[in-house]
Structure formats: C-alpha cells, structure tokens
Amino acid sequence: MLPAVHLKNPTAEEFRDRIIHYLRYACGLELRHARAADHLAALELAVRETLIDREILSRRTYDEVQPKTVHYLSLEYLLGRLLHNNLISTDLLVVAREAMQLLGLNLDTVLEEEPDPGLGNGGLGRLAACFLDSLATLDYPAYGYGMRYDYGMFRQSFEDGWQVEHADTWLQRGFRWEIRRDDLRVPVRFGGRIDWNRTEAGGHRPAWADWRTAYGVPYDVLVAGFRTNTVGILRLWDAQAASEFDFHIFSKGNYVKAVAGRERVEALNRVLYPADDVEAGRQLRLAQEYFLVACAVRDVVDRFRRRHAEAWELFPDKMVFQLNDTHPALAVAELMRFFVDDAGVPWATAWELTRASCNYTNHTLLPEALETWPVTLMEKLIPRHVQIIYEINRRFLEGVKARGVSDPDRLRRLSILQEDGEKRLRMANLAIVGSTRVNGVAKLHTELLRTRVVRDFAEIWPERFIPITNGVTPRRWLRACNPRLSTVITERIGGGWAKDLDRLYELSAFADDESFQDELLEIKRANKSDLAVELERLCDVALDVDSLFDVQIKRLHEYKRQLLNVMHIIMLYQRIKADPSSEVVPRSFIFGAKAAPSYHMAKLIIRLINGVADVVNNDSDVDGRLRVAFPPDYRVSLAEKIIPAADLSEQISTAGMEASGTGNMKLALNGALTIGTLDGANIEIKDAVGDDNIFIFGLTADEVEERLTTGSYKPWDFYRTDLELAAVLDAIKTGEFVGRDRDAVRGVWSSLMEHGDRYMVLADFRSYVDTQDRAAEFFKDRRGWARAAILNIAAMGYFSSDRAILEYADKIWGLVAVAVKTPEGS
Ligand code: 26Q
C-alpha cells in the first residue's frame with residue numbers, strides 16, 4: 001500500500017498544529033521556549049511536508065509514464081530564499097500567515113530569518129534557478145544537477161571603502177529544504193593511468209587503470225511548481241572519500257595520513273569559485289567540474305537502466321542534457337566513456353547517442369572568458385577523458401577535411417586542442433562539437449556568436465546555432481517580491497498573469513488611466529519607503545523617497561561600466577559645486593555589486609564608488625539632493641527589496657559585451673524605466689516597450705567593434721573636447737574622493753587614459769550624460785513617467801522564464817509536459 005497522500009491544503013488550525021508538531025519533534029521545543037530560528041525551522045518543515053507529498057506523486061507518475069526528461073547541468077544555482085516562494089507555489093501563504101498569527105508570531109519576521117543560499121555568482125546561476133521554477137510550473141519532467149558547496153558566494157563587507165570577503169556559512173544553521181539520499185550514492189573515478197591492452201585482432205585497446213574512487217552523495221532540494229502538483233528535483237552533490245580510501249596506507253599502519261588523505265577528496269565541494277571570468281582556472285575547479293558531470297551522468301544512466309535496461313538506442317529519446325555554459329562540458333567525454341568503456345557500445349554509435357542527447361548554452365562574448373584547460377592538468381585527473389577528447393577531435397577534424405575545409409588556420413581554430421604554447425583543451429569547442437544545439441541567450445548575442453566568437457563552427461553547421469532569449473520567473477520577481485504591485489495588477493486583469501505573463505499586456509489599456517497611474521505611483525513610493533528604511537539600517541544613508549531611485553545592481557565588471565555611472569554622479573556633484581543654487585532633480589543612486597576577490601580593477605571601482613558616496617552624502621552644498629547608497633553583500637534577498645523600489649534601471653554595458661542581462665528584465669517588470677545601451681536583451685526590451693518608454697544611448701556593437709579593431713579610438717580626443725568629462729577625469733586622477741587611497745585608486749584613471757579604455761567609457765560619456773538629463777527632466781512629469789512604467793510592465797510578458805523554457809522544450813529538448821496524477825478520491 002502506498003501511503004495516503006493529502007493534496008488538500010490544511011486549514012490554518014491544522015497548519016498551526018503541524019508547526020507545533022515540528023517544534024516539538026524536530027527541534028525538541030515547546031512554543032514558549034522556541035526562538036526565531038526555531039520558528040523558521042518548524043515552518044519550513046511544515047511546508048516541506050506538502051512538497052514531499054507532491055514529489056512522491058510526481059515520481060510515481062514518471063515511473064509509470066517514463067517520459068523524456070531534461071537534465072540541467074550547472075556548476076551554479078543562485079536559489080535565494082525558498083520559504084516565501086514555496087508558500088506561494090503551494091498556495092499556503094495565507095494559511096501560514098494565519099497559523100503564525102494563531103501562534104502569536106509574525107510571518108514576515110520569520111521569513112527574514114531564512115539564510116539566502118547563494119550557490120552561484122550572478123546571472124548564469126540565477127537563470128538556472130528561474131529555469132527550475134518554470135520547468136516545475138510547466139509540468140516538465142526535469143532534474144537540475146549541481147554542487148552542494150559548503151561555502152557559497154562570499155559575504156561582502158566594506159572596510160574604509162574597500163571590499164572585504166568573508167566565508168558564507170549558509171549551512172551552519174541547517175538547511176531544511178534538502179533531503180540526503182544515501183541510497184543514490186555514486187562512485188566517481190579519478191587519477192591513475194592508461195594501459196594499452198592487446199586486442200584479439202592484434203590492435204591496442206586503451207584501458208583506464210589504477211584509478212581511485214571517490215563517492216558522490218546527492219542531496220535533493222524539492223522545487224515546487226506554481227499551482228500544480230509537479231515537483232522537480234535539484235540534486236546537489238557532496239563528495240565523500242571511499243571508506244577504503246588509501247587502504248594500503250592504512251594497512252601499513254599510517255592511520256593519521258590515511259584519514260588526512262580523505263580531506264583532499266572531501267574538499268571537492270568545499271567552495272564555489274567566486275570569479276565570474278575564467279582567470280581563476282585552478283585544479284580544484286577542474287575537479288569540481290568533472291565531479292559534477294561524473295555524478296550526474298552516472299545518476300541518469302542508472303535511472304535509464306532501471307527503466308529501459310540496456311536499450312541504449314533509446315537513450316536520446318528519454319534523456320536530454322542541457323549544459324549551462326562550458327563548465328559541465330566534460331559531460332560529452334564522460335558519456336562517451338560510459339558508452340564505450342562501460343556499456344560496450346561501438347564508438348560511432350556512442351557518438352551518435354552522446355551528441356543527440358547534449359546541448360550547450362553559451363553565456364559569454366568575451367573571448368578571454370572562454371574556458372580552456374591545460375592538457376597536463378587534465379591528464380593527471382582524468383587521463384581516459386583526455387584520450388577520448390583527442391579521439392573526438394581527430395574524427396571531427398577528419399570529417400571537416402572530408403567536407404573540403406583545408407585552410408590550416410581554420411582547422412587550427414576549429415580544433416578542440418589549442419597547440420600554440422602550452423597545450424590546452426578548449427571547452428567551448430568540445431561542447432559545440434558534442435551538441436545537437438548551441439544557443440545564445442539573446443538575439444544580438446546569438447548573432448555575435450555566429451559572426452564573431454565561433455564563426456568557423458557556424459559556417460560549417462549553421463543550423464546548430466539558435467537564439468533563446470533569457471527570461472525571469474514572475475513568481476519570485478513580481479508576485480513574491482512586490483506584493484503591492486501584484487495585488488493591483490490582479491485587481492485590474494485577474495490573477496492569471498503569474499502563470500501566463502503575456503496577460504500583462506492587458507495593462508496597456510490602463511496606461512492613460514489616471515487612477516491606475518496614481519495607484520502605481522503610490523505603490524512605487526511605498527516600496528521606496530520600505531527600501532529607504534532598509535538602506536538606512538544597512539549603510540546609514542537617508543534617502544528622500546521622492547527622489548529618483550537610480551539603480552545599478554549586478555556583478556562588478558569593467559564591461560558593465562559601473563565606472564560610467566559613478567562618473568555621472570561626480571559630474572552632477574561638480575555641477576552643484578559650481579552653482580549650489582542650480583536646479584537638480586533629486587536622485588538616489590543605489591549600487592549592489594560584488595567584485596571577484598582577485599579582480600583588482602573591480603575592487604578599485606568599488607573603493608571609488610564608496611569614496612564618492614562619502615563625499616556626496618556629507619556635503620552641505622548638496623543638501624540631500626544627491627545620495628549614494630552602496631549596501632554591502634548584494635545577493636538575491638537584497639535584490640528582492642531593491643527591484644520593487646527602482647525608478648531607473650542602469651543597463652549600461654559596452655555594446656556587444658553583455659550576453660543578455662536578466663536584471664534588466666526584473667527591473668522593467670517592476671515598473672522601472674531602463675537607461676541602457678543597445679546590448680544583450682536591452683535591444684529586445686526596447687522593441688517590446690517602444691522607443692518612447694526607454695532611454696537608449698551610446699555606440700552600437702558594430703561601432704564599438706569598428707573602433708576597437710581599427711585602433712581609431714582615442715580616449716584623449718574626448719578628454720580634450722568635453723569640459724565636464726575632463727573635470728570628472730581630473731577629479732579621479734587627483735584622488736579627490738578617496739583620501740589617502742589616492743595612489744591606489746589612480747589605477748582607475750590609468751585604465752581609461754593610459755591603457756586605452758577598452759570598455760569605451762569615454763566614448764559613451766556625453767551620450768550617457770545627455771540621456772540622463774532627459775530622464776531627470778521626464779521624471780518631473782509624474783503621470784508621464786507612470787504611463788511609461790505601465791507600458792514597461794505590460795510589455796514584459798515575453799521575458800518570463802516560462803516562455804524561455806517553452807522554447808527550450810520545443811526547439812531543443814523535444815520535451816512533452818506530463819500532468820502529475822493525483823490518487824483517486826483526492
Ligand atoms: C569559469 C571557470 C572557472 C571559474 C569560474 C568560471 C565562471 C563562473 C561563472 C565563468 C562565468 C560565470 C558566470 C557567467 C555569467 O553569469 N554570465 C551571465 O549569464 C547571464 C545569463 O545568461 C547573462 O544574462 C549575462 O549577460 C552573462 O554575463
């Protein structure tokens with residue numbers, strides 16, 4: 001008998017009793033002794049019960065239907081807090097609020113207790129989390145595979161304006177959303193050497209010998225779909241040394257050394273690499289990438305075998321992989337190793353099966369950010385895979401030559417093996433060769449991939465490259481984070497939008513409705529007021545809620561040009577200093593950004609922003625008309641507070657460098673207007689909202705490319721012809737804002753004036769500043785601004801991650817939604 005599954009939600013009283021039950025039997029406490037952390041724990045367990053019931057139904061359905069299933073492979077998942085979203089997905093929000101009230105507790109206070117699991121760096125990791133939400137909501141059978149890092153994204157503080165990193169101990173107070181699955185533990189081989197065995201036919205067959213074993217132990221995080229019984233699984237792997245690990249050392253009596261040896265294996269999932277570029281390409285990172293891939297492939301193959309035995313020809317019809325950038329590209333080699341070495345499938349068939357089941361999403365345009373690994377490093381860790389990749393490459397290049405490509409330069413560029421200097425393997429080339437589809441994350445990005453970054457591949461396989469523009473989940477990024485706006489939207493157009501975001505288009509009918517405009521302005525003001533309270537607490541700045549909230553929240557990277565933003569602030573400051581009585585539209589600049597710990601220039605820019613904040617916020621001539629707030633430790637839970645309060649969204653990357661951006665979508669969805677370049681998804685946002693409802697400035701991607709490749713760009717020309725720009729640059733050079741750190745921060749000036757200004761900050765400065773002036777002027781027309789904001793919200797339907805996932809399912813995965821069956825009589 002299967003256990004009875006209740007799908008009917010409990011009443012507030014029943015739910016209260018569930019909470020009391022968990023307080024008692026999980027925390028060992030009576031209510032009167034419980035503290036905030038215990039309230040959180042008990043509430044989480046009470047919600048988890050509902051998730052588990054639905055998960056069991058989902059697994060039962062899939063065991064019966066045996067549907068095609070997608071496996072999203074990603075080194076990062078930037079989940080953010082889960083309780084609030086799980087309450088919304090399960091429709092338990094109201095019940096939980098009442099139950100907490102019955103206990104004399106406040107739900108919102110408890111929600112703020114939850115730590116924010118940050119197992120990712122930025123956009124790529126957050127995209128993976130949005131995709132899991134959409135997959136479950138749309139009833140697609142899906143698994144996410146990732147790493148259970150002990151330490152996620154570092155916590156950031158500022159000391160004298162400088163970024164300081166601290167360990168993120170997110171697991172310390174326990175993480176109740178995961179379920180450890182010891183029954184699904186898998187072995188992972190690494191190290192050793194290759195033996196050449198004679199075959200009966202007299203040839204040589206390579207065999208991997210003397211490898212050691214580590215184990216992967218999965219922890220499942222349940223991902224509830226919104227208003228559906230489907231629950232997806234995010235399977236995060238933990239590395240465990242084998243109990244017999246280094247047994248020979250044991251047997252020689254060196255117990256301490258043997259135990260110490262275990263640490264090396266178990267360090268595998270110790271920490272998330274905080275770079276969002278590849279510079280930090282270290283041995284441990286390669287081991288992490290391999291470990292994830294080996295665990296995931298084994299898990300999928302085991303499940304396939306349970307359902308379809310050795311019918312490998314069915315594999316691509318049942319199992320499909322999506323590689324989130326090249327980080328899990330070794331999946332191609334690991335699948336080949338499995339088919340050829342373990343399953344005894346001939347190479348050519350194995351290759352067909354592998355390529356038919358793998359697809360790769362590219363997230364970058366910066367050539368220096370493409371991942372490559374030294375062959376010598378790889379040979380030490382996974383000698384057999386290196387050999388397999390060489391063979392994949394040999395056959396690939398043979399095939400290309402057979403198709404008439406003979407230009408040696410072209411062949412060199414196509415090769416997976418980079419041979420000039422130290423031999424390295426190019427993971428993007430491996431991923432492209434081993435995939436059915438390669439997708440870019442916005443239209444422009446895909447076009448630039450085809451014509452610049454991987455042009456040689458697009459010429460031989462044009463059909464392989466397709467665009468799928470990113471999206472964001474409206475459950476977290478509107479319904480959960482902005483309840484006020486959600487409520488008025490639902491009042492006007494009904495609640496269907498949360499599952500069908502195109503419905504927002506119906507709001508366009510209210511763009512000129514003054515009562516709706518006023519409602520929107522009131523909501524924005526209330527959200528700004530909430531944020532002001534929070535920012536006062538976080539960074540001790542008082543913001544004027546009637547000022548324009550100008551927001552740039554994203555990783556600190558030169559190409560994202562936080563520097564351009566701060567130069568605009570300096571210019572406004574200088575205008576006020578030159579004439580304190582001049583009219584300025586009051587503005588509050590809000591930054592959120594972490595710099596990779598080894599990214600020197602990014603850290604200098606953080607120091608500069610903090611310096612400018614210090615001066616501007618404390619100058620009596622400014623008189624509160626300009627304020628700069630840079631709260632430390634930007635993360636998902638802080639984004640959820642900033643985004644609903646934003647008036648202006650800064651999306652100002654150098655054109656051609658931001659693959660897509662997703663913060664741009666979240667901000668517009670919450671009624672912020674965008675000031676941006678024609679880059680990434682900004683272009684598609686402009687097309688959706690119309691030219692009058694967005695502030696576009698700056699060079700196009702083609703103009704940037706032309707100036708950079710011809711060497712015609714001369715930063716000094718701009719210095720000489722623009723007085724306001726020159727004054728800003730002089731102030732940066734002399735260290736006006738950074739006190740005794742002037743010499744250190746001078747590097748920022750040098751990057752612009754002595755090292756060629758690679759990101760064309762000077763070229764876009766005038767156009768940016770003039771566009772900012774226009775935005776400020778427009779902000780004074782409150783109704784006009786509200787109208788534009790409504791039209792932005794109304795046009796964001798396309799940027800739902802549901803639309804993106806439907807496109808992946810249709811154009812790449814060939815996936816069919818499966819309704820989860822409820823037991824009879826429920
Ligand atoms: C690679 C090797 C070693 C160490 C770290 C890394 C690494 C880690 C993270 C490289 C890149 C990343 C993250 C990249 C990223 O977040 N890209 C962003 O992806 C978003 C989703 O598609 C886009 O919207 C952004 O434009 C893109 O910058």
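Keep in mind that what you see is a predicted model, and the values were worked out from it rather than measured.
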Chemist: Could you list the residues that satisfy ring pair (Phe, Tyr, Trp, His ring centres under 6.0 Å) with Tyr505, not counting sequence neighbours?
Modeler: none
Chemist: Is there a side-chain contact between Leu124 and Leu75 in this structure, where contact means two heavy atoms from C-beta onward sitting under 4.5 Å apart?
Modeler: no
Chemist: Is it true that the side chains of Asn792 and Asn693 contain a donor and an acceptor less than 3.5 Å apart?
Modeler: no
Chemist: Applying salt bridge (charged side-chain N to carboxylate O under 4.0 Å, His left out), run through Asp702 and Arg452 and close with a yes or a no.
Modeler: CA-CA 11 Å; Asp702 284 341; Arg452 297 184 193 170; 3.7 Å; yes
Chemist: Under the rule for side-chain contact (heavy atoms from CB on, under 4.5 Å), what residues qualify as partners of Ile683, not counting sequence neighbours?
Modeler: Leu444, Leu678, Asp687
Chemist: Any salt bridge between Asp116 and Arg81, counting N to O under 4.0 Å?
Modeler: no
Chemist: State plainly whether the residues Glu447 and Lys443 are in salt-bridge range, i.e. N to O under 4.0 Å.
Modeler: no
Chemist: How about Leu425 and Leu430: do any of their side-chain heavy atoms sit closer than 4.5 Å?
Modeler: no
Chemist: So does Arg59 pair up with Glu55, basic N to acidic O under 4.0 Å?
Modeler: yes
Chemist: Run the salt-bridge test on Glu650 and Lys560 with the 4.0 Å N-O cut-off and return the result as yes or no.
Modeler: no
Chemist: Closer than 3.5 angstrom, by distance alone: can the side chain of Asn470 be matched with the main-chain N or O of Ala659 as a donor-acceptor pair?
Modeler: no
Chemist: Which heavy atom of Thr364 sits nearest a heavy atom of Leu449, and at what distance?
Modeler: O-CD2, 4.3 Å
Chemist: Taking C-beta and beyond as the side chain, do His308 and Lys318 meet within less than 4.5 Å on heavy atoms?
Modeler: yes
Chemist: Does the ring center of Phe465 lie less than 6.0 Å from the ring center of Phe457?
Modeler: no
Chemist: Are any side-chain N or O atoms of Lys554 and backbone N or O atoms of Thr662, one a donor and one an acceptor, separated by less than 3.5 Å?
Modeler: no
Chemist: Can you find a pair of side-chain heavy atoms, one from Val297 and one from Val300, that are under 4.5 Å apart?
Modeler: no
Chemist: Is the shortest side-chain N to carboxylate O distance from Arg803 to Asp502 below 4.0 Å?
Modeler: no
Chemist: Looking at Arg54, is its backbone amide N or carbonyl O close enough to the side chain of Asn229 to form a donor-acceptor pair, meaning the two atoms are under 3.5 Å apart?
Modeler: no
Chemist: Under 3.5 Å, is there a donor-acceptor pair between the Glu658 and Tyr559 side chains?
Modeler: yes
Chemist: Does one side chain, of Thr349 or Trp312, offer a donor that lies under 3.5 Å from an acceptor on the other?
Modeler: no
Chemist: Indicate yes or no: at least one non-hydrogen side-chain atom of Met147 is less than 4.5 angstrom from one of Tyr77.
Modeler: no
Chemist: Are Thr361 and Asn324 linked by a side-chain donor-acceptor pair shorter than 3.5 Å?
Modeler: no
Chemist: Looking only at the side chains, is there a donor atom on one of His71 and Asp299 sitting less than 3.5 Å from an acceptor on the other?
Modeler: no
Chemist: Please enumerate all residues that pass side-chain contact (heavy atoms from CB on, under 4.5 Å) together with Cys130, with sequence neighbours excluded.
Modeler: Arg126, Val472, Thr473, Trp477, Ser801
Chemist: Decide, yes or no, whether a salt bridge links Asp302 with Arg298 under the criterion of side-chain N to carboxylate O below 4.0 Å.
Modeler: yes
Chemist: So, Thr228 versus Asp139: side-chain donor-acceptor pair below 3.5 Å or not?
Modeler: yes
Chemist: Is the closest basic N to carboxylate O distance between Arg426 and Glu371 below 4.0 Å?
Modeler: no
Chemist: Can you confirm whether Val223 sits close enough to Ile233 that some side-chain heavy atom of one is under 4.5 Å from a side-chain heavy atom of the other?
Modeler: no
Chemist: What I'd like to find out is whether the side chain of Leu78 reaches to under 4.5 Å of the side chain of Val636, using heavy atoms alone.
Modeler: yes
Chemist: Is a side-chain donor-acceptor pair under 3.5 Å present for Gln651 with Thr674?
Modeler: no
Chemist: Within the 3.5 Å criterion, strictly below it, is a donor on Asn121 or Glu76 matched to an acceptor on the partner's side chain?
Modeler: yes
Chemist: Ion pair present between Glu640 and Arg476, side-chain N to carboxylate O less than 4.0 angstrom?
Modeler: yes
Chemist: Measuring only between side-chain heavy atoms, which start at C-beta, is Val454 closer than 4.5 Å to Ile432?
Modeler: yes
Chemist: Is it true that Asn362 and Tyr360 share a donor-acceptor pair across their side chains at a distance under 3.5 Å?
Modeler: yes
Chemist: Between Phe226 and Trp497, is the ring centroid distance below 6.0 Å?
Modeler: no
Chemist: State yes or no: are the ring centers of Tyr72 and Tyr145 separated by less than 6.0 Å?
Modeler: no
Chemist: For Trp461 and Phe396, run ring-ring contact (aromatic ring centres under 6.0 Å, His included): C-alpha distance rounded to whole Å, both residues' side-chain angles, the deciding distance at 0.1 Å, then the answer.
Modeler: CA-CA 12 Å; Trp461 297 318; Phe396 159 60; 5.5 Å; yes
Chemist: Hey, does the side chain of Ser486 reach the backbone of Leu478 with a donor-acceptor pair shorter than 3.5 angstrom?
Modeler: yes
Chemist: Between Asp691 and Lys686, is there a side-chain N and carboxylate O pair less than 4.0 Å apart?
Modeler: yes
Chemist: Under a 3.5 Å distance rule, please check whether Glu703 uses its side chain to pair with a backbone N or O of Thr700 as donor and acceptor.
Modeler: yes
Chemist: In sequence, state the C-alpha distance, the side-chain angles, and the governing distance for Asp802 and Ser134, and then conclude on side-chain hydrogen bond (donor to acceptor under 3.5 Å, both in side chains).
Modeler: CA-CA 5 Å; Asp802 296 346; Ser134 287; 2.6 Å; yes
Chemist: Counting distance only, does the side-chain N/O of Arg437 pair as donor-acceptor with the main-chain N or O of Ile466 below 3.5 Å?
Modeler: no
Chemist: What are the two closest heavy atoms between Val689 and Leu791, and how far apart are they?
Modeler: CG1-O, 4.4 Å
Chemist: Would you say the rings of Tyr219 and Trp237 are close, in the sense that their centroids are separated by under 6.0 Å?
Modeler: no
Chemist: Going by an N to O cut-off under 4.0 Å, is there a salt bridge joining Arg227 and Asp91?
Modeler: yes
Chemist: Do we get Arg306 above Tyr62's six-membered ring, with its NZ or CZ under 6.0 Å from the centre and within 45° of the axis?
Modeler: no
Chemist: Quick one: do the His445 and Asp679 side chains pair a donor with an acceptor below 3.5 Å?
Modeler: no
